[in-house]
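Naming convention: chains lettered A, B, ... in sequence-line order (proteins, then strands); numbering from 1 in each chain.
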Amino acid sequence: MSEKLQKLEDLVSLCKRRGFIFQSSDIYGGLASCYDYGPLGAELKRNVKNAWWKHTVQMRDDMVGLDCSILMHPMVWKASGHVDKFADLVAECKKCHTRTRADHLADAQGNTTEGAKTAEDLIKKICPKCGTTGQFTEPMPFKLMFETQMGANADDSMTVYLRPETAQGIFANYRNVLDSTRVKVPFGIAQIGKSFRNEVTTKAFIFRTREFEQMEIEFFCKPGTEEQWFEKWKEARMSWYTSYGIRPENLRMREHDKDELAHYAKGCVDIEYLFPFGKGDWQELEGIASRTDYDLRQHQRGMRSVTNWIENGRDAVTTPLKAEDADWAKGPLSYFDEETRERYIPYVIEPSAGADRGTLAFLVDAYTVETLENGEERNVFKFHPSLAPIKAAILPLVKKDRMPEKATNLYNDLKKYFPCFYDEKAAIGRRYRRQDEAGTPYCVVIDGQTNDDNTVTVRNRDTMKQDRINIDQVKSYLREKLDM
RNA sequence: GCGGGUGUAGCUCAGUGGUAGAGCGUCACGUUGCCAACGUGAAUGUCGUGGGUUCGAAUCUCAUCACCCGCUCCA
């Protein structure tokens, strides 16, 4: 018998107890929405990222990797739209404390005011929630991007942003990759890295945090072929999750409604996981968007606006983006197809996954409490072997008769090939359970028989069954079982 | 942002004004012969944080921080 995770809290305390995830700045009372990965969590998350990289870069001929800086030219975010989108003014109704975008508030005649900037502008506006007229606070800017100052000398420092997504770094390097790697359309660029967003509301443990890690792909294809690539990526990404152990019944794909789409998007789906927040809730793990040539064309505009930005005191907020060149299709970010002798701006498919969300989903899906025949409970993380923080524990059955020596020798050999753990403390049953809680797939035990015939037992985490094999075969046995 | 709840040992929690506790876990020693064995011993507390009331505060009070649940929001 086994049961699935019911309350997120149970996972949170197990994660703390076993060193997967801690609250950030815990000894100072914590910092909202920030979390740290402990010894086991750091291994797990890195394994998730490695598994993603392996399938999106290593095993594909049409993908290359990238690792760019978090700080970028401020005009990158002007071109991407983030500077303007994130500069919305929001006013709060003093009566009911509902916050609404100032330029969305309407008066009795239904009129809104473009660029409403002060409480005066809102004197006739009606709160959409409680109907109160003109009781608004001074509109405040909603800063969804983290800002910081670049330059130690206060006089000539400028405002730069911590990236709110890794995607724009890919677009900004698209030309460099084309010129340095001999890739040809269709091809994609993958990147893993930290991003930062001042979310209005954070949520549920590491699910929505202000600092988070993304695993993003921009796949460039010829206009007209975007639909087939969109389908291919949807399938590739779904099967990635299930091939690493996510149960299919906990995973689904949700198509965005037409009115949910950005104006430039041709389609968008979310890969969602059934998380145990509250009563159980489908939440986004990854978004896959068909984004046309919008981003590259925007950056062509951005590239032409840099002088204006300098003349404008290096302020991206108040520097308008130059209009698109009439000859944009032949611009600096266009692609020349040697075979067809055509020049065009590639279309883009963007599979964008959250590394922390993914890690959380793998934790939730692997979390199992089993009731054994003797009535006792067993906590076990049934991670896919590739994701398990520790691959094998090496255990002498008892601490005598040269068992620890033999086990240590085996451990010292195996740890060169697999993340291993050696433990000779406490009874064997307890040590098995410790490894179950860490999600270790195999426990290798050196027992009395090892002295007689050089065999050891290998215990399977999920079945608790044992194989007896020769000590010399442990490495190849694990290699095969772990697919490493 | 609003409303509700919680915060005491690593974890789960008891403790309602008078010496800070239990179970589990951890560590040491002994024992050990395959699924959280047993014995003996030990360590670990800014009682989330800061102020106030009081002779005395984990307990009453104010503020604050964090987490959970439900709304709201989600580029």
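- Using N1 to N3 plus N6-O4 or O6-N4 for Watson-Crick, or N1-O2 and O6-N3 for G-U wobble, each under 3.5 Å, B/rU53 pairs with nothing.
- At a cut-off of 3.5 angstrom, counting only N and O atoms as typed in the model, there is no donor on one side facing an acceptor on the other between the side-chain of A/Gln435 and the base of B/rA36.
- Taking both residues in full, the closest heavy atoms of A/Leu387 and A/Leu44 are given as O-CD1, 3.3 Å, listed atom of the first, atom of the second, then distance.
- With rounding to whole Å, A/Leu144 atom CG is found 15 Å from B/rC73 atom P.
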Sub-3.5 Å pairs of nitrogen or oxygen atoms, protein against nucleotides 25-28 of chain B:
unit_1 : atom_1 : unit_2   : atom_2 : d
B/rG25 : OP1    : A/Arg430 : NH1    : 3.0
B/rU26 : OP1    : A/Arg434 : NE     : 2.9
B/rU26 : OP1    : A/Arg434 : NH2    : 2.7
B/rU26 : OP2    : A/Arg430 : NH1    : 3.1
B/rA28 : OP1    : A/Lys425 : NZ     : 3.4

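- Between A/Phe275 and A/Tyr273, the ring planes lie perpendicular to each other; the angle is over 60°, past the 30° to 60° tilted range.
- With C1' as the reference atom, B/rC55 and B/rG50 are 23 Å apart, rounded to whole Å.
- In summary, the side chains of A/Gln449 and A/Asp447 do not present any donor paired with an acceptor at a separation below 3.5 Å, with no hydrogens or angles considered.
- Ring planes of A/Phe171 and A/His299: tilted class, angle from 30 to 60°.
- Between the OH atom of A/Tyr367 and the C1' atom of B/rC11 there is a distance of 12 Å, given to the nearest Å.
- Rounded to whole Å, the P atom of B/rC68 lies 30 Å from the corresponding atom of B/rA22.
- As judged by a 4.0 angstrom heavy-atom cut-off over every strand, A/Ala204 is placed among residues touching the sugar-phosphate backbone only.
- Rounded to whole Å, the P atom of B/rC2 lies 30 Å from the corresponding atom of B/rA58.
- Interface remark: the A/Arg208 side chain does form a donor-acceptor pair with the B/rC74 base, using a distance-only criterion of under 3.5 Å.
- Closest to the side chain of A/Arg433, out of B/rG33, B/rA36, B/rG10, is B/rA36.
- Applying the 4.0 Å criterion to OP1 and OP2 of B/rU32, one finds that A/Lys400 has a side-chain N or O inside that range.
- Both distances falling under 3.5 Å, in either a Watson-Crick or a G-U wobble arrangement, place B/rA66 opposite B/rU6.
- Counting non-hydrogen atoms under 4.0 angstrom, A/Arg431 reaches nothing in the nucleic acid.
- Atom P of B/rU19 sits at a distance of 37 Å from the matching atom of B/rC29, rounded to the whole Å.
- One cannot find a donor-acceptor pair under 3.5 Å joining the base of B/rC35 and the side-chain atoms of A/Asp436.
- Look at B/rU59: it lacks any Watson-Crick or wobble partner with both distances under 3.5 angstrom.
- For the C1' atoms, the distance from B/rU12 to B/rU8 is 12 Å, rounded to whole Å.
- A/Tyr35 comes within 4.0 angstrom of sugar-phosphate atoms only, judged by non-hydrogen atoms across all strands, and of no base.
- Across all strands shown, B/rA43 forms no Watson-Crick or G-U wobble pair with both distances under 3.5 Å.
- Protein atom CG of A/Leu40 is 18 Å distant from nucleotide atom P of B/rG10, rounded to whole Å.
- A/Lys399 comes within 4.0 angstrom of a nucleotide base, judged by non-hydrogen atoms across all strands.
- A side-chain donor from one of A/Asp467 and A/Tyr477 sits under 3.5 Å from a side-chain acceptor of the other.
- For A/Tyr241, the ring-ring contact (aromatic ring centres under 6.0 Å, His included) test picks out no residue, with sequence neighbours left out.
- Backbone-only engagement by A/Ser33 is indicated by non-hydrogen atom pairs under 4.0 Å involving sugar-phosphate atoms exclusively.
- Looking at heavy-atom distances under 4.0 Å, A/Glu437 makes contact with a base.
- B/rG30 is paired with B/rC38 under the Watson-Crick or G-U wobble criterion, all donor-acceptor distances under 3.5 Å.
- Across all strands shown, B/rG21 is found opposite B/rC13 as a Watson-Crick or G-U wobble partner, with both distances under 3.5 Å.
- Taking atom P on both B/rG15 and B/rG7, the two are 10 Å apart, rounded to the nearest angstrom.
- Contact annotation: side chain of A/Glu9 to base of B/rC67, donor-acceptor pair absent below 3.5 Å.
- Residue A/Gln23 has a polar side-chain atom (N or O) positioned under 4.0 Å from OP1 or OP2 of B/rC67.
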If you restrict it to nitrogen or oxygen atoms, what contacts under 3.5 Å exist between nucleotides 40-48 of chain B and the protein, and what is each distance?
unit_1 : atom_1 : unit_2  : atom_2 : d
B/rU46 : O4     : A/Ile27 : O      : 2.7

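- Between the CZ atom in A/Arg461 and the OH atom in A/Tyr442 there is a gap of 8.0 Å [rounded to 0.5 Å].
- Between the C1' atom of B/rC34 and the CG atom of A/Asn460 lies a distance of 15 Å, rounded to the nearest Å.
- Put simply, CG on A/Asn198 is 12 Å from P on B/rG1, counting in whole angstrom units.
- The partner of B/rC71 is B/rG1, judged by Watson-Crick or G-U wobble contacts that both fall below 3.5 Å.
- Listed for the A/Arg254 side chain is no donor-acceptor partner under 3.5 Å among the backbone atoms of A/Gln283.
- Residue-level contact check: A/Ala427 touches the bases, meaning some heavy atom is under 4.0 Å from a base atom.
- Ring geometry for A/Tyr411 versus A/Tyr422: interplanar angle of 30 to 60°, hence tilted.
- For A/Met403, the side-chain atoms get nearest to B/rG33 when compared with the rest of B/rC35, B/rG33, B/rC69.
- One atom, CD of A/Glu424, and another, P of B/rC34, lie 18 Å apart when rounded to the nearest Å.
- With salt bridges taken as basic N to acidic carboxylate O contacts below 4.0 Å, none links A/Glu43 and A/Lys391.
- Taking atom CD on A/Gln466 and atom P on B/rC34, their separation rounds to 10 Å, with Å as the unit.
- One can place CG of A/Asp423 at 13 Å from C1' of B/rA36, the figure rounded to the nearest angstrom.
- The two atoms that bring A/Ser33 and A/Arg210 nearest to each other are OG-N, 2.9 Å, heavy atoms only.
- With B/rC35, B/rG10, B/rG33 as the candidates, the nucleotide lying closest to the side chain of A/Leu397 is B/rG33.
- Test A/Arg357, A/Lys234, A/Arg237 against A/Glu286 for salt bridge (charged side-chain N to carboxylate O under 4.0 Å, His left out) and you get one pass: A/Arg237.
- The aromatic rings of A/Tyr35 and A/Phe205 stand perpendicular to each other, their planes meeting at an angle above 60°, with 30° marking the opposite boundary.
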